[in-house]
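Structure first, commentary second.
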Amino acid sequence: MTPLFRETVTLLNRLAAEDGDGLDAWKKTVLTGCVFVKTTVRSVSGSDVSLGQTVTVRIPESPDYHPYQEWKGSMRGFTASVGDIVVHGKVEETVTPDNVRAVAEKYESMIIRSVRDNSGLPLGHIHLEGV
């Protein structure tokens with residue numbers, strides 16, 4: 001990877017209740033060699049200016065990555081789905097349905113809004129965007 005891929009992120013994957021035992025379950029995966037970039041977004045409407053932030057995360061191509069439909073059966077490796085959480089840095093805590101929001105708020109984090117699998121391309125990666 002390039003020198004840009006030097007961040008550590010913790011991916012919090014949610015196994016939806018309907019795909020498990022009736023309760024949401026969360027799996028924590030720490031990944032190194034990633035990109036985590038915040039961007040300020042400006043929107044102008046008449047004389048009103050709105051500011052917000054988006055986050056882009058790139059995870060290097062990995063044999064441990066599986067699309068959600070494959071991942072949900074075994075929860076081996078990791079996946080990336082809309083609604084999952086990416087934390088900038090390493091999360092030490094055990095993540096449960098009861099504390100996942102508190103953990104995400106404790107750290108710099110984002111909720112995934114889009115996933116693009118760019119595996120197989122030069123510098124293959126999983127491209128995530130969120131807020």
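Counting begins at 1 with the first residue of the sequence.
Looking at residues two or more places apart in sequence or on another chain, you find a salt bridge (Lys or Arg N to Asp or Glu O under 4.0 Å) between Asp24 and Arg14. With sequence neighbours excluded, no residue forms a salt bridge (Lys or Arg N to Asp or Glu O under 4.0 Å) with Lys27. Partners of Lys90 according to the side-chain hydrogen bond (donor to acceptor under 3.5 Å, both in side chains) rule, which considers only residues two or more places apart in sequence or in another chain, do not exist here.
Remark: His125 NE2 to Glu61 CD distance equals 10.0 Å, nearest 0.5 Å. In this structure, the separation between CE on Met75 and CD on Glu70 is 15.0 Å, given to the nearest 0.5 Å. Of the inter-residue distances, the one linking His88 atom NE2 with Glu108 atom CD reads 5.5 Å to the nearest 0.5 angstrom.
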> Yes or no on side-chain hydrogen bond (donor to acceptor under 3.5 Å, both in side chains) for Asp98 and Thr96, after CA distance, side-chain angles and deciding distance?
Replying inline: CA-CA 5 Å; Asp98 295 330; Thr96 67; 4.7 Å; no
> How far apart are the C-alpha atoms of Thr54 and Glu129, what are their side-chain angles, what is the distance that settles it, and do they pass the side-chain contact (heavy atoms from CB on, under 4.5 Å) test?
Replying inline: CA-CA 7 Å; Thr54 63; Glu129 292 185 17; over 6 Å; no
>> side-chain hydrogen bond (donor to acceptor under 3.5 Å, both in side chains) for Asp48 and Ser45? Distances and angles first, verdict last.
In response: CA-CA 5 Å; Asp48 294 330; Ser45 176; 5.6 Å; no
>> Walk me through whether Thr56 and Val35 qualify under side-chain contact (heavy atoms from CB on, under 4.5 Å).
In response: CA-CA 8 Å; Thr56 301; Val35 173; over 6 Å; no
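Cluster partners of Val131, using a side-chain heavy-atom cutoff of under 4.5 Å among ILVMFWY residues and allowing indirect links: none. The other members of the hydrophobic cluster of Val95, by chain and number, are Leu12, Trp26, Ile85, Val87, Val91, Val100, Val103, Tyr107, Ile111 (side-chain heavy atoms under 4.5 Å, ILVMFWY only). Hydrophobic side-chain contacts under 4.5 Å tie Leu11 into a cluster, directly or through other members, with Val9, Leu31, Phe36, Val55, Val57, Ile59, Tyr65, Phe78, Val86, Met110, Ile112, Val115, Ile126, Leu128.
Under a 3.5 Å cut-off, the side chain of Thr8 and the backbone N or O of Thr32 do not form any donor-acceptor pair. For the pair Thr79 (side chain) and His66 (backbone), a donor-acceptor distance under 3.5 Å is present.
For the pair Gly33 and Phe5, the tightest heavy-atom approach, listed with the atom from each and the gap, is O-CB, 3.1 Å.
With respect to Tyr68, the side chain to side chain contact (heavy atoms under 4.5 Å, CB included) criterion is satisfied by exactly one of Leu15, Asp84, Asn13: Leu15.
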